[in-house]
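Shown next, in structure tokens, is the structure this report addresses.
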Amino acid sequence: MPEERKFIFITGGVLSSVGKGIVASSIGLILKKRGFNVTMIKVDPYINVDAGTMNPYMHGEVFVTEDGGETDLDLGHYERFLDISLTKDHNITTGQVYLSVIMKERKGEYLGKCVQIIPHITDEIKNRIRTVGERSGAEVVIVEIGGTVGDIEGLPFLEAIRQMRLEEGFDNTLFIHVALVPILSVTKEQKTKPLQHSVNELRRIGIQPDIIVARCDEPLEEEARRKIALFGNVPVSAVFTSYTVLTVYEVPLILDKQGVGDFICKRLKLKPKARPDWTPWKKFIQSLKQPTHIVNVAMCGKYTKLKDSYISIIEALNHAGAKLETKVNLVWIDAEKLEKQNRESEKLRSKLKQCDGILALPGFGARGAEGKIEAIRIARENDVPFLGICFGMQLAVVEYARHVAGLKKANSTEIDPKTPHPVIDLLPEQLEIREKGGTMRLGAQASVLVKNSLAYTLYGEQVIFERHRHRYEVNPSYWKILQEKGLFFSGWSVDKRRVEFIELPDHYFFLGTQAHPEYKSRPLKPSPVFLGFIKACIFKSKGKSSPFRKQTQRSKAASPVSCEHASALITSIKHSY
Ligand code: GLN
């Protein structure tokens, strides 16, 4: 337990989406590399209680934590960069803060008082930040404040961190401001004025940054750096650049090279416990930047225009690719376009057949679902490596039911509530639920894998944990017919009430999972599912036979371990979060 916990607060200026989350994660990693126990918090000033009810098209992916939190995608960056597992309390929103203050008020906890933003809301914010610090036992807590300085919603949070400087002390708190420095295309000049204004805005509310990180396409020129220091009221040595690099994973390296780690340690009086060893990280970046091979993977979904909607999947593919020194080229397929019968859809169909792998992305609702089913049919019929994640797996079951098991018009009741064959239906415990927020089957769940299945070959373990986020599942009334017709259920929930993995034994590589293995993938520890999928894609692209077909003698008689045996296995696995 640290004597004094250090808090680093990161704010953003000029505009959003300048990579504040990446800078925050990079700083986390830079400190972790110096031997410190670091944890991270994302503050989101919106009124939603969590990200679960937000459209990924507007806000990017919903990142699911081990404990079932539906959180901001920045938590994904934190987990991937620092190789840590966070919980839902690491994402604080205005919604949560007000909800608890209002609930306390109703219980009479503020009896007699007028409940106000200062001190009640700000106290609640500080309390939440400190509680996370205490629970995690971290020596350094990095708190990223979402949005941009100047947003009305962000004010109570900025006020709270201003107070924390006073309460925790100068040596224990550090403010980092990240803001855009645009380059004018005509004169190629680096313009620092917007950044200056955003620092002014911060200072107006009583926060003087200790460090300024300019987000710029190029490294800062000396003159721009000096100007930022002068107007931002910091020494020149406190100005750094997060310039544009080929992969986000390079940002920790470029920032550490500029001396940000040493600056922070000195300023916070932290004595590094280790000399940063970047060798494995550099090796990972090297394989990302100089791959020896390339595969084309079709990404079939409905949010193909905002790539942040699928960021953990994209990263999981990158991690697997890097491990195999292969660049994963993403071929985006807008599922809705596949639903039509026209020239464009014909082109897409032949494009899909030429891909080295097809991935059916997760999702909700009817839009684009038929297109995904079509893509799955193409993968199945043409022996193209296939991976279906959550909704992608469910639709693979629908496709199989319709085109192989002879259950015409089979569907998920999410898409067609009146289908004659509801092969995918609501989980029993979902039937009564009316509220939408936080009510899905969420977070880490155990699956028991059938020995010698493809899934088992990939994981090399019989009991595995992956995070979930769904309401629907394979309908038990159809298990028998689907299995008889050749669909292999290779992973089950421990109570054997749910199908967790499906596969096609005679296919090159055909795997569907109800889980979201992408959330646990790390740069240096790729997810087994993605690693296997990319390996299959590589072999396919080289015209070789499947590396898995022979290994996995998937006999139909194979059955999962008994419930008691599985429970014993689970207790014997140290699974902490
Ligand atoms: N819509 C599906 C369900 O709720 C799948 C969700 C998902 O892909 N995450 O079960």
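Because the structure is predicted, anything quoted here is derived from the model rather than measured. Ligands are counted one by one from 1 in listed order, and the atoms in each one are counted from 1 as well. Keep in mind that the numbers below use all heavy atoms, side chains included, and drop hydrogens, waters and symmetry copies.
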Practice problem: For E79 and Y519, test the side chains for any donor-to-acceptor distance below 3.5 angstrom and give the result as yes or no. | Solution: no

Quiz item: Do H293 and S541 have side-chain atoms, one donor and one acceptor, less than 3.5 Å apart?
Solution: yes

Show the distances, to 0.1 Å, for all pairs joining an N/O atom of ligand 1 and a protein N/O atom that are shorter than 3.5 Å, listing one pair per line.
residue	atom	partner	partner atom	Å
ligand 1	1 (N)	G363	O	3.0
ligand 1	1 (N)	E414	OE1	2.7
ligand 1	1 (N)	E414	OE2	3.0
ligand 1	4 (O)	R471	N	3.0
ligand 1	8 (O)	G363	N	3.0
ligand 1	8 (O)	G363	O	3.4
ligand 1	8 (O)	F391	N	3.0
ligand 1	9 (N)	R469	O	2.9
ligand 1	9 (N)	H516	NE2	3.1
ligand 1	10 (O)	Q394	NE2	3.1
ligand 1	10 (O)	R471	N	3.0
ligand 1	10 (O)	Y472	N	2.9

Self-check item: Option passing salt bridge (charged side-chain N to carboxylate O under 4.0 Å, His left out) with R349 (candidates E381, E344, E339, E374)
Solution: E374

Quiz item: Mind checking what makes side chain to side chain donor-acceptor pair (under 3.5 Å) contact with H77, not counting sequence neighbours?
Solution: none

Quiz item: Can you list the steps and then say if F391 with F364 is a ring pair (Phe, Tyr, Trp, His ring centres under 6.0 Å)?
Solution: CA-CA 7 Å; F391 200 36; F364 294 83; 7.2 Å; no

Quiz item: Passes salt bridge (charged side-chain N to carboxylate O under 4.0 Å, His left out), R497 versus E473? Steps please.
Solution: CA-CA 10 Å; R497 282 176 58 230; E473 67 174 338; 5.9 Å; no

